[in-house]
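Notes for the one structure printed next.
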Amino acid sequence: MIGNIVIVVVSVIGMEVFALLFHKFYMHGPGWGWHESHHKHTEGYFETNDLYAVWFSVIAAALFVLGSLYWMPLWYIALGFTIYGILYGFVHDGLVHQRWPFRITVKRGYLYRLILAHRMHHHVTTKHGAVSFGFLWAEKPDVLKAQLKAKKAA
Ligand SMILES: [Zn+2]
Ligand SMILES: [Zn+2]
């Protein structure tokens, strides 16, 4: 039991590390073609960038199936991925981009720091020059402001 909880927690943390690197080096790199829609204003509710979420859901579903068939730890890794997906959806699509049909505003604490950080990520509408690529982890707003300034100057 304890071992499985550890696997889930490590998977959630691992996914944030992976998501940060994937966002920075792939989505703002070769994968910009899909991600660009999220940095520019697009018509309608969905954007091409949502295809990333679709793919990650397919991968998580496949891991659940493979895990239950062959190796249970994989099932718990899939559970960690899914919990990460829910947290990501709540913070990124919910709190930051307000894609839900109601309004929740957070004005203080760590969640507010995450919201400010991701808003700063969206200061840039181009492939290069963005700051703050994490979703559940972010630097302090002052640090990001300085980074953004330095990148703009460069
Ligand atoms: Zn981005
Ligand atoms: Zn965003």
Side-chain angles (χ1 to χ4, degrees), residues 7-65 74-154:
I7 294 175
V8 172
V9 172
V10 170
S11 302
V12 172
I13 297 168
M15 264 312 280
E16 170 65 4
V17 175
F18 171 78
L20 192 155
L21 296 173
F22 186 79
H23 184 194
K24 186 169 185 171
F25 295 106
Y26 186 78
M27 294 163 87
H28 280 256
W32 178 248
W34 284 5
H35 190 52
E36 185 177 20
S37 65
H38 184 58
H39 278 266
K40 301 211 162 122
H41 184 77
T42 45
E43 287 295 317
Y45 183 77
F46 291 104
E47 32 194 62
T48 318
N49 184 61
D50 293 330
L51 288 173
Y52 281 118
V54 173
W55 268 114
F56 286 125
S57 311
V58 170
I59 292 167
L63 292 180
F64 272 123
V65 174
L74 196 58
W75 191 92
Y76 286 97
I77 292 172
L79 183 62
F81 286 6
T82 306
I83 292 171
Y84 180 82
I86 293 166
L87 292 174
Y88 163 85
F90 176 75
V91 171
H92 179 259
D93 292 82
L95 288 179
V96 180
H97 293 296
Q98 300 283 333
R99 290 178 84 183
W100 43 30
F102 43 87
R103 202 154 182 94
I104 297 180
T105 31
V106 177
K107 283 269 177 239
R108 59 199 169 88
Y110 185 74
L111 282 178
Y112 188 48
R113 168 165 154 179
L114 283 182
I115 295 169
L116 288 179
H118 194 70
R119 280 196 196 137
M120 269 188 254
H121 176 71
H122 279 282
H123 269 228
V124 174
T125 54
T126 49
K127 186 171 167 179
H128 301 292
V131 296
S132 189
F133 293 89
F135 298 102
L136 302 184
W137 175 82
E139 300 256 30
K140 286 195 176 124
D142 294 345
V143 176
L144 291 171
K145 245 179 230 166
Q147 284 178 5
L148 203 59
K149 220 174 167 184
K151 287 206 175 185
K152 268 185 187 157

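Everything numeric in this text was worked out from a predicted model, so none of it was measured. As the structure lists them, so they are numbered: ligands from 1, and atoms in each ligand from 1. Numbers here are sequence positions counted from 1.
- The aromatic rings of H35 and H121 sit tilted relative to each other, their planes meeting at an angle between 30° and 60°.
- With the Zn ion (ligand 1) as vertex, H35 NE2 and H28 NE2 subtend 100°, rounded to 10°.
- Among the atoms of H122, no N, O or S atom falls under 2.8 Å of the Zn ion (ligand 1).
- Under a cut-off of 6.0 angstrom, the local environment of NZ in K127 is crowded, with over 12 non-hydrogen atoms contributed by other residues, nucleotides or ligands.
- Here the angle at the Zn ion (ligand 2) defined by NE2 in H92 and NE2 in H118 stands at 90°, rounded to 10 degrees.
- Rounded to 10 degrees, the NE2-metal-NE2 angle spanning H39 and H121 at the Zn ion (ligand 1) equals 90°.
- For a distance bound of 2.8 Å, the N, O or S atoms of H38 include none lying that close to the Zn ion (ligand 1).
- The aromatic rings of Y52 and F56 sit parallel to each other, their planes meeting at less than 30°, with 60° as the upper class boundary.
- Applying the salt bridge (Lys or Arg N to Asp or Glu O under 4.0 Å) rule to E36 yields the partners K40; only residues at least two apart in sequence or on another chain are considered.
- Surrounding CH2 of W55 are at most 12 heavy atoms belonging to other residues, nucleotides or ligands under 6.0 Å away.
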